[in-house]
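Just so it is clear, the model here is predicted, and its values are computed rather than measured.
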Amino acid sequence: MITIRRGGTLTDEHHRLLALWAADCAERVLPLFESKRPDDPRPREAIEQIRAWSRGEVGMMTSRAAGGHAMGAARPLRGAPRFAAYAAGQAGVVAHVAEHDLGAAAYAIKAVRAAAPKGMEAAAGAAEGHWQREQLPDAVRDLVLEDQRRRNEICWSVFG
């Protein structure tokens, strides 16, 4: 998924839709981070910045930096809070590289799995994946689903 400006076929509008979808995926699991680190705003700020980028209110570098800071918030943690912060970080960097949309979605699924009761991890992950697919805008649905099939293995096979 390379933007037209960089020689690919991804339109700016589709890039923005991917960013908003990634933000939705990350925001859904954000409470898993915030329950552990309620005073750390970095993952929420990454989600806010990618939404602002999608509206043309901030530049790519601002959103990308916020995404990096969210990933910094994730590093010292383990389990669901870590994966939730990484989801936000991946969402934030979609402004820079559109394919990070799958990172946001995959980390959100990993967060839900990690938070699920023992024995319910797979079902929780499947339900989250279903919710994510339901949120996909029609204009990018086929693009995302094909990308999930193509890159499922490098995304911990969470889209399988």
Side-chain angles (χ1 to χ4, degrees), residues 1-6 8 10-116 124-125 127-137 139-141 143-144 147-148 151 154-156 158-159:
M1 290 193 280
I2 300 170
T3 61
I4 290 172
R5 287 186 313 282
R6 292 186 175 170
L10 185 67
T11 67
D12 288 345
E13 179 58 25
H14 287 174
H15 193 176
R16 285 189 291 276
L17 290 172
L18 293 172
L20 291 170
W21 176 72
D24 289 346
C25 292
E27 188 170 49
R28 184 166 154 96
V29 298
L30 186 60
L32 297 170
F33 172 82
E34 291 179 333
S35 67
K36 180 78 170 173
R37 296 284 170 94
D39 296 329
D40 190 339
R42 293 176 289 177
R44 182 167 294 281
E45 288 172 355
I47 294 167
E48 290 170 0
Q49 291 303 315
I50 193 60
R51 290 187 192 285
W53 174 82
S54 296
R55 295 187 301 266
E57 297 169 2
V58 301
M60 178 274 293
M61 294 294 286
T62 300
S63 184
R64 185 178 82 171
H69 294 308
M71 288 187 260
R75 288 185 188 102
L77 302 174
R78 296 289 174 257
R82 180 182 190 156
F83 298 140
Y86 274 135
Q90 289 289 303
V93 299
V94 170
H96 180 244
V97 175
E99 287 184 327
H100 284 291
D101 69 320
L102 287 194
Y107 273 116
I109 291 170
K110 285 176 65 88
V112 167
R113 285 180 175 176
E128 185 66 16
H130 177 75
W131 179 88
Q132 290 176 358
R133 286 186 299 281
E134 291 296 312
Q135 308 315 303
L136 278 167
V140 293
R141 175 178 299 283
L143 177 67
V144 172
D147 201 30
Q148 285 180 344
R151 297 193 301 140
I154 65 169
C155 291
W156 311 283
V158 299
F159 302 120

message: side-chain contact (heavy atoms from CB on, under 4.5 Å) for I109 and F159? Distances and angles first, verdict last.
response: CA-CA 9 Å; I109 291 170; F159 302 120; 3.9 Å; yes

message: A quick test of your reading: do over 12 heavy atoms of other residues, nucleotides or ligands sit less than 6.0 Å from NE2 of H69?
response: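 For H69, atom NE2 is not crowded (no more than 12 foreign heavy atoms under 6.0 Å).
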
- request: Please check if atom CD1 in I4 has more than 12 non-hydrogen atoms from other residues, nucleotides or ligands closer than 6.0 Å.
  value: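 Yes, enclosed.
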
message: Tell me every residue that passes ring pair (Phe, Tyr, Trp, His ring centres under 6.0 Å) with H15, counting only those two or more places apart in sequence or in another chain.
response: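 Ring pair (Phe, Tyr, Trp, His ring centres under 6.0 Å) check on H15 returns W53.
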
Derivation and outcome, side-chain contact (heavy atoms from CB on, under 4.5 Å), residues R64 and M61: CA-CA 5 Å; R64 185 178 82 171; M61 294 294 286; 3.2 Å; yes

Contact check, side chains of W131 and E128, non-hydrogen atoms, under 4.5 Å: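 In short, these two side chains touch, coming nearer than 4.5 Å.
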
task: Step by step, work out the side-chain contact (heavy atoms from CB on, under 4.5 Å) result for V29 and V112.
output: CA-CA 7 Å; V29 298; V112 167; 3.7 Å; yes

query: How long is the gap from CD on E34 to CG on D39, to the nearest 0.5 Å?
result: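 The distance works out to 10.5 Å.
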
message: So, taking the atom named CG in L18 and the one named CD in E99, what distance separates them when rounded to the nearest 0.5 Å?
response: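 Those atoms lie 10.0 Å apart.
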
Can you check whether [Y]'s main-chain N or O pairs, donor with acceptor, with [X]'s side chain at less than 3.5 Å?
X   : Y   : result
S63 : G92 : yes
R16 : T11 : no
Q49 : A66 : no

task: Decide side-chain contact (heavy atoms from CB on, under 4.5 Å) for W21 and V144; before the verdict, give the C-alpha distance in whole Å, the side-chain angles of both, and the deciding distance to 0.1 Å.
output: CA-CA 10 Å; W21 176 72; V144 172; 3.8 Å; yes

- prompt: Applying the salt bridge (Lys or Arg N to Asp or Glu O under 4.0 Å) test to D40, which of R42, R44, R37 qualifies?
  reply: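 Exactly one pass, corresponding to R42.
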
Residue pairs passing the side chain to side chain donor-acceptor pair (under 3.5 Å) test where at least one lies in residues 75-88, sequence neighbours excluded: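 Non-adjacent pairs meeting side chain to side chain donor-acceptor pair (under 3.5 Å): R82-Y86.
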
